[in-house]
Q: 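The structure's right below; bear with me while I get my questions together.
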Protein chains: 6
Amino acid sequence: MNMAHWESLTWPEIVAARDAVVIIPTGSVEQHGPHLPIGTDTLIAEGITRLLQESTARHLVVAPSLRYTYAKLNSAYPGTINLSGSTLTNMASDILNELFRQGFSRVMFVNGHLESIPFIMEGAEISLASRENGDRGGQAQPKVVIANWWEYISDEFIDEVFGDRWPGWEAEHAALTETSLMLHLWPDLVRETDTSPRDYQRFPYRILPWPEKARPASGVYADPRGATPEIGRRLAEIVVAGLDGTIQAEF
Amino acid sequence: MNMAHWESLTWPEIVAARDAVVIIPTGSVEQHGPHLPIGTDTLIAEGITRLLQESTARHLVVAPSLRYTYAKLNSAYPGTINLSGSTLTNMASDILNELFRQGFSRVMFVNGHLESIPFIMEGAEISLASRENGDRGGQAQPKVVIANWWEYISDEFIDEVFGDRWPGWEAEHAALTETSLMLHLWPDLVRETDTSPRDYQRFPYRILPWPEKARPASGVYADPRGATPEIGRRLAEIVVAGLDGTIQAEF
Amino acid sequence: MNMAHWESLTWPEIVAARDAVVIIPTGSVEQHGPHLPIGTDTLIAEGITRLLQESTARHLVVAPSLRYTYAKLNSAYPGTINLSGSTLTNMASDILNELFRQGFSRVMFVNGHLESIPFIMEGAEISLASRENGDRGGQAQPKVVIANWWEYISDEFIDEVFGDRWPGWEAEHAALTETSLMLHLWPDLVRETDTSPRDYQRFPYRILPWPEKARPASGVYADPRGATPEIGRRLAEIVVAGLDGTIQAEF
Amino acid sequence: MNMAHWESLTWPEIVAARDAVVIIPTGSVEQHGPHLPIGTDTLIAEGITRLLQESTARHLVVAPSLRYTYAKLNSAYPGTINLSGSTLTNMASDILNELFRQGFSRVMFVNGHLESIPFIMEGAEISLASRENGDRGGQAQPKVVIANWWEYISDEFIDEVFGDRWPGWEAEHAALTETSLMLHLWPDLVRETDTSPRDYQRFPYRILPWPEKARPASGVYADPRGATPEIGRRLAEIVVAGLDGTIQAEF
Amino acid sequence: MNMAHWESLTWPEIVAARDAVVIIPTGSVEQHGPHLPIGTDTLIAEGITRLLQESTARHLVVAPSLRYTYAKLNSAYPGTINLSGSTLTNMASDILNELFRQGFSRVMFVNGHLESIPFIMEGAEISLASRENGDRGGQAQPKVVIANWWEYISDEFIDEVFGDRWPGWEAEHAALTETSLMLHLWPDLVRETDTSPRDYQRFPYRILPWPEKARPASGVYADPRGATPEIGRRLAEIVVAGLDGTIQAEF
Amino acid sequence: MNMAHWESLTWPEIVAARDAVVIIPTGSVEQHGPHLPIGTDTLIAEGITRLLQESTARHLVVAPSLRYTYAKLNSAYPGTINLSGSTLTNMASDILNELFRQGFSRVMFVNGHLESIPFIMEGAEISLASRENGDRGGQAQPKVVIANWWEYISDEFIDEVFGDRWPGWEAEHAALTETSLMLHLWPDLVRETDTSPRDYQRFPYRILPWPEKARPASGVYADPRGATPEIGRRLAEIVVAGLDGTIQAEF
């Protein structure tokens, strides 16, 4: 029985956890090429959260993950399932409202997906603003951290590990870092398949509807070859240490 | 690697699954007394879905569960996390829109929680109505089934198994059937603890704010003593057979 | 001049009524077979409210009824008019906000229609939550009761009166109890017509779009033959006494 | 049994009425001084609708009135109950959607209250726009008329009847025309009371929050003295004839 | 550098302006016949605001204009761009929330377009209501004025200047007063073109969809011939003096 | 008279412009340090649009700018005015709906502000999705480009011009590029003031409420010293050429 998961606890056990940091792993239901599963972003967030729990000295409670989020750039590929922006905003706001209402004031989204950040932040803003005016009955002012795992990776590390093969973060979808992390965290879910071709056009602007020419046929935006479980292990270690530091600093 | 979970599949594998029935396990984040975990409703829905996958002849794909839903009646107990009704409606509508857009036309919610049904049905209505007017490009008219596990249990079975101990479905929260199902499906998550007292008042009407007198101090609305894994096994078998029959009849 | 109706009062008379219980009769615009009018649910709620006013010792003010509500299960029959769930929720919330703002703190929905309850309760939750945080300027914490007439009818009464003919509440649409109540409360609106056939299929699950096979051609879900004005009178008496007791207990 | 009211009809009778003009009487829940009831606007709309039904050669069906609408200018007086603008818009849109869906394509709001017009029109725009894109399955393009009774009264009539006493329509709230119409249509609901004082300030602009100085203490914006049942009868006749002409011209 | 425009100021300069009256010029993107530009309503509001700034003794800061608003009556003419009513309401509410949050408590919409008033007022109501309950931290209760330029023009002035040519304000779209004001304020934007024909039908009711017969082919609802820059100058003077008086009286 | 601005055109002139590319300059109302005005983002977008109009061979029509957008990261500084995310999304969606409805199918946002992009894209998605299902009556499928000026600036140019002084785009708020562009486009609006100190903490995560330590006291996130009009001229040239190329490629 994992006592650190909100869903596995009983309500009297929740009462005893009110000073804990609540972690909400956050991902997407989004295509990740022919070699990675559609749940990749959530699975990375959950895998890292598991490692964080094992290594931190702090009391964490892991709330149910946000799986359905916002991944419109890849909505043309089968398998991607999006919420609309406003639904995601409201979902984030509702969940935070409920946590704050019960006296939890330390919440951290451990996030694995770029596009949904603004909508989750908007939800957090709405929830926090509604607390500001009200009477909190002596409870602490709540605080929310949105932590994206890739922001903890230094340029130096990227240079050292990937060197010339590095395509830039903007193309890092189903590519070197995500594949390495999946090989470390969820190796059984990584397919051995040809991931070589990358055949699409980049633009210094956004076009809607997003045209076919802007999409690689494989769903892989940059070459994942060179990814290894060992790189994944090192990436995970950096992120976990970073998250632990964030918790120390902010909560 | 479980190929039957949407999140574990790759996008080319999703393409190959378009005629499958998509199952969405649906639960709640809601207190279930001192002996059952907060995720009980979702865990039962997921446990039953797992058994259904093992026994059915049909091709099923299991989408990520709806965990955060609507459980306002128990919102006074710590641990319960609610979406507002409109957020849940929009979430259901958005997800169905995405499935229908990709050509999936057979969707079944396997549901373990009563209160959120109207909001999920409203979401399904909205999504289906928006398909009616549009051009479906030759795709089949989508169909949605909302299947609540308890509706498959006959009065005869209840009489036979529980007899005088049966409190009526309306009080069956964290009680005989849910506890039995959890003992069968997720035995490690059931606490051995005193579940005896039931001390609250029932009303032939609803009062808001829901008063303290209407809530049992333990969160248990009817005595779960008498629940056994064997009863859970029989319940699960009936429900799984019922769901399989529903799939045959409707899809 | 009926001084007990909000709409018939002048504003200075409303000032004098601030301690009254505000009753909001709540129904639907929904088919009720070939023998009962589309307004049946509202008419029953209004008829019962009238009897309640005549017999109670308490000061009641009857606000305009909620007529347009939520009756999606019967939306395939002509005559049914639905609000969307969110419109109904907002309507309930807006009206309660206005009552609370003016210092009315005792509100009771006398309700004749099942399906709209969750959306009205959600509206009440929203309105009450917004009062919780604000400054009420010394006014009492408002309280809302949602009273469905059928919840006051005991199983014993049903057994005694209907015996073997009782189809269960779930099929009691345009059937024995509603027809009896209409014969007592609004006899001129009950048509003498053939109500015998009942020809539809029941399912232990919900299907959307709601299929034709699940709908009786007549709109009558269970045989109303055997309904009498006398049964209606007894039902009404029980409900009125129950509502009066609720008012004594809660307000 | 009044067969012309939607709520009094059975669903088979509604089927037979699909070519009828659907009338939706529309009013407000709004203070109307010490002499007129809070439901005045709705009561006038309903009274005129009743006379219209008696005199027209066309088939009319009267849908349930919109009673709760939008009357913010008078919200400082007890008794006024407002929906928010968006709720009213959605209510109008939902109801029209349902009527159009069932094949009714002729809808007329007979309206007695100024402030809610833009929100009802917005609702009609939304509903009509959603029909434009869809497939109407051979049904007629629906049409909506919003008819305000006072727009049928000519300046000549006002001059002849009221002469110097006429305060202008902008102050005609609970004043000469409304009081006359109520004396004709619902004489029992008009109180004999002192309506003389008019003591407030007019501005060539709107101020929010609407200040006390802009509100007459009595709720009467212009002197209703001089109102008579006979004037009410003549007003009603003009309006009824005008509405009948509108129906001939538009439907 | 115009220090009186919000957008031209730096943030430290805004700090120094907190006691100023914030003016929000408000117009529309709406056809104004073959001789006036589509931005006419906004341009008049901005032109008058400019004159007001030059002549008033008070400290004004001009916020960015509301250009996109609500002009549905003219939406059949190319060039008209509408927000939906709820978007406009939310835009007004959001902007006011931000101003109030920063301590600005004096806001005046200088408005040149009729149809959007109710939606802007609704936004102001929502924003003000949300301030009422909260803790304002010692800040003044905010006040909002919506000032429509045409409400400052007396009937006497209209009689004197236009006499028999006056069509009534209801037809004053792209006609005598607007054309005069544009000739005074933005003469370069007025086309010399034939504006003579007026060929449409008026109704004492609203029809949706708004029929072709109700629209003049030219977009001009009343004859603008007779408009002069001199009349525009006098109109502008009256309005500017009126607005200045409003500021003195209210802020 | 600038015939290229939507607001300056008459409606018959709009009819003649239906094949034009509609440009919507998009900015923010957001603090930009002690030396740049609050409207900087909009002013840059408008300045660049003006240069684009002067140099392109294509027919452009400039719609009214989106000034009020989404700038929450700087909302703690006075002067910043935000719409909520959903209001901005709806505003973008409404405007595009209106353009598409009138037959305009080429729309380009020339954008100067980062944070609002996701909300505008969501609006464009919503509007385009609603067109997909409907009947377009032979009109072209509309296309929307969102072009952010900074995406046209190559790393090589940055290296060459700024070298070691370059702080990275993420800190380029009110810094080297924006100040240079303002010095070129709107030199009168740039204050000569001390912009030296930069004293704040950067985090590899987001914290809400955004803490004081994360904000430079001046509002300047990176040193703008070294900005020159000449650099601004070169930046503008690159962006204008890039936008022109985008128009050629996409429309």
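Convention: sequence-line order gives letters A, B, ...; per-chain numbering from 1.
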Q: Given the options C/Arg206, C/Glu125, C/Glu151, C/Glu250, which has more heavy-atom pairs under 4.5 Å with chain B than any of the others?
A: C/Arg206
Q: Are there residues of residues 77-85 of chain C that reach to under 4.5 Å of chain B by heavy atoms, and which ones?
A: C/Ser84, C/Gly85
Q: Considering only heavy atoms, which portion of C/Ile117 lies under 4.5 Å from any heavy atom of chain B: side chain, backbone, both, or neither?
A: side chain
Q: Would you name the heavy atoms of C/Pro209 and B/Pro142 that are closest together and state the gap between them?
A: CD-O, 3.7 Å
Q: Should we count CD of C/Glu212 as having more than 12 external heavy atoms under 6.0 Å?
A: no
Q: Checking heavy atoms, do the side chain of B/Phe109, its backbone, both or neither come under 4.5 Å from chain C?
A: neither
Q: Should the ring pair B/Tyr205 and C/Tyr152 be called parallel, tilted or perpendicular, given that the plane angle runs from 0 to 90° and is split at 30 and 60?
A: parallel
Q: Of B/Val107, B/Leu128, B/Val145, which is the lone residue that meets side chain to side chain contact (heavy atoms under 4.5 Å, CB included) with C/Leu208?
A: B/Leu128
Q: Let me know if B/Leu243 has heavy atoms under 4.5 Å from chain C in its side chain, its backbone, both or neither.
A: neither
Q: Under a 4.5 Å heavy-atom cut-off, does chain C meet the side chain of B/Met108, its backbone, both or neither?
A: neither
